[in-house]
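Take a look at the structure set out below.
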2 protein chains.
Amino acid sequence: MKHFLEMSPMAERILDAAQGLIQQQGYNGFSYDDVAKLVGIKKPSIHHHFPKKEDLVAVLVQRYTHSFRGELLNMEGRHASPMDRLAAYAAVFEQTFNRDRRLCVCGMLGAESGSLPDSAADEVASFFKVNLDWLTQIMGDAQNAGLIKKNCDAESLAQAYLSALEGAMVLGRGMRTVQGPADIARTFLSTVSA
Amino acid sequence: MKHFLEMSPMAERILDAAQGLIQQQGYNGFSYDDVAKLVGIKKPSIHHHFPKKEDLVAVLVQRYTHSFRGELLNMEGRHASPMDRLAAYAAVFEQTFNRDRRLCVCGMLGAESGSLPDSAADEVASFFKVNLDWLTQIMGDAQNAGLIKKNCDAESLAQAYLSALEGAMVLGRGMRTVQGPADIARTFLSTVSA
DNA sequence: GTCTATACCAGGATAGAC
DNA sequence: GTCTATCCTGGTATAGAC
């Protein structure tokens, strides 16, 4: 399987379509035919780009994690304050959610991981690790700057924050109400503030 | 469709098996044949008890919500302090999670709700409402007793708490680490404590 | 209430022509 | 790179006998 950085334009379009479907219906909820209809080619053509569904999803999650890393760098560039960075982080989730209440790709796949091929499950785990490492770093910075209370360690705060964001999207879908990750993030951040 | 309180013993066993499968694989990840094998009868016999998968899941979530209501009453009976009640609430999630990292039924179905029959999606929404109403009540009690800070309203705290618990289970599955809802709950409760 | 048998369709995947 | 045609499997569901 090719690396996601040297994908053809059509392969990219396929990944885009598949990603939307995963965010809305989950891994077991979409088919190659669904993707084919969205990008306007036939099912076997999808197989040409990604022989097996397993391949497609593994690459898709790699690409997703990569793009998230980009966002993290971006936030560091735009915001100096740890609190601003944490708020900006939540805004990424909010943006995803506001697009037809899409779930985080790895929130959906994490839930489904019991019926996922190993390759995909590994990539999902990697996504969470990348995000928790970053959040732990920022939470620590915030504590050292006296912006966040020190009665919990940075790693626990990172886990709680990411859990709350992922969970907020699940609740937001499960209920038909508007409440999204941004509101939950505001609540969380105002409770941990020093 | 019969009411879940007048189910035959076999119907109960079917629901038990289906519930485990949903918690592990999701709605689109299990089949009537999977259930049949677990309870030791054949596929058409499952259809005898629940003509359509849609029926089965709707009843299953009703029963799940009902049993949760029971747990809530139980907690009120056993714990007088709002903080103890909130901790006991998280313990219910932890118990579920500790059984082979099972997800909350409605955490899983909430994520998948885009590919769920309406009847099931409605029941999922109802589950969240019941839980948020109860949590809002307890959070308010805790605030009035001076146990929790008043810089967020009770409803927001309830949403953040439930989001964190549901999300913790998703993270716990997605990564292969041990971290579960109980740890996240501890972090959350210690940050909101007055 | 459970079974065998079966209809029907959809999903994943491949072969081979263009 | 895309297509048509096809295979195989498995999933939902029903008919009808025991």
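Chain letters run A, B, ... following the sequence lines, proteins first and then strands; every chain starts at 1. For clarity, every value in this text was computed on a predicted model and none was experimentally measured.
Of the listed nucleotides (dG1(C), dT14(D), dC3(D)), dT14(D) has the atom at the smallest distance from the side chain of K52(B).
The NE2-P distance, from H49(B) to dC3(C), rounds to 9 Å in whole Å. With rounding to whole Å, D33(B) atom CG is found 15 Å from dT2(C) atom C1'. Between I41(B) atom CD1 and dT2(C) atom P there is a gap of 5 Å when expressed in whole angstrom units. For the pair K53(B) NZ and dG10(D) P, the computed distance is 15 Å after rounding to whole Å. Across the protein-nucleic acid pair, H47(A) atom NE2 and dG12(C) atom P stand 7 Å apart, rounded to whole Å. The CD-P distance, from E12(B) to dG1(C), rounds to 13 Å in whole Å. Atoms CD1 (I46(A)) and C1' (dT14(C)) sit 15 Å apart, rounded to a whole Å. Rounded to whole Å, atom C1' of dG11(D) lies 14 Å from atom CG of L21(B).
Under 3.5 Å, the side chain of K43(B) and the base of dT12(D) form at least one donor-acceptor pair of N or O atoms.
The environment of E155(B) atom CD is sparse: at most 12 non-hydrogen atoms of other residues, nucleotides or ligands sit within 6.0 angstrom.
An OP1 or OP2 oxygen of dG1(D) is reached within less than 4.0 angstrom by a side-chain nitrogen or oxygen of H48(A). Taking 4.0 angstrom as the limit, S45(A) places a side-chain polar atom (N or O) nearer than this to OP1 or OP2 of dC3(D). Remark: K42(B) is not in phosphate contact with dT2(C), judged by side-chain N or O atoms under 4.0 Å from OP1 or OP2.
When all heavy atoms of Y64(A) and C104(A) are compared, the closest pair comes out as OH-SG, 3.4 Å. In this structure, I22(A) and L60(A) approach most closely via the heavy-atom pair CD1-CD1, 3.9 Å.
Within the nucleic acid shown, S31(B) comes within 4.0 Å of sugar-phosphate atoms alone, with no base atom in reach, counting heavy atoms only. Looking at heavy-atom distances under 4.0 Å, F50(B) makes no contact with the nucleic acid at all.
Contact annotation: the side chain of M83(B) approaches that of I148(B) to within less than 4.5 Å [non-hydrogen atoms, C-beta and beyond].
Taking the six-membered ring for Trp and thresholds of 30 and 60 degrees, F68(B) and F93(B) have ring planes more than 60 degrees apart, a perpendicular arrangement.
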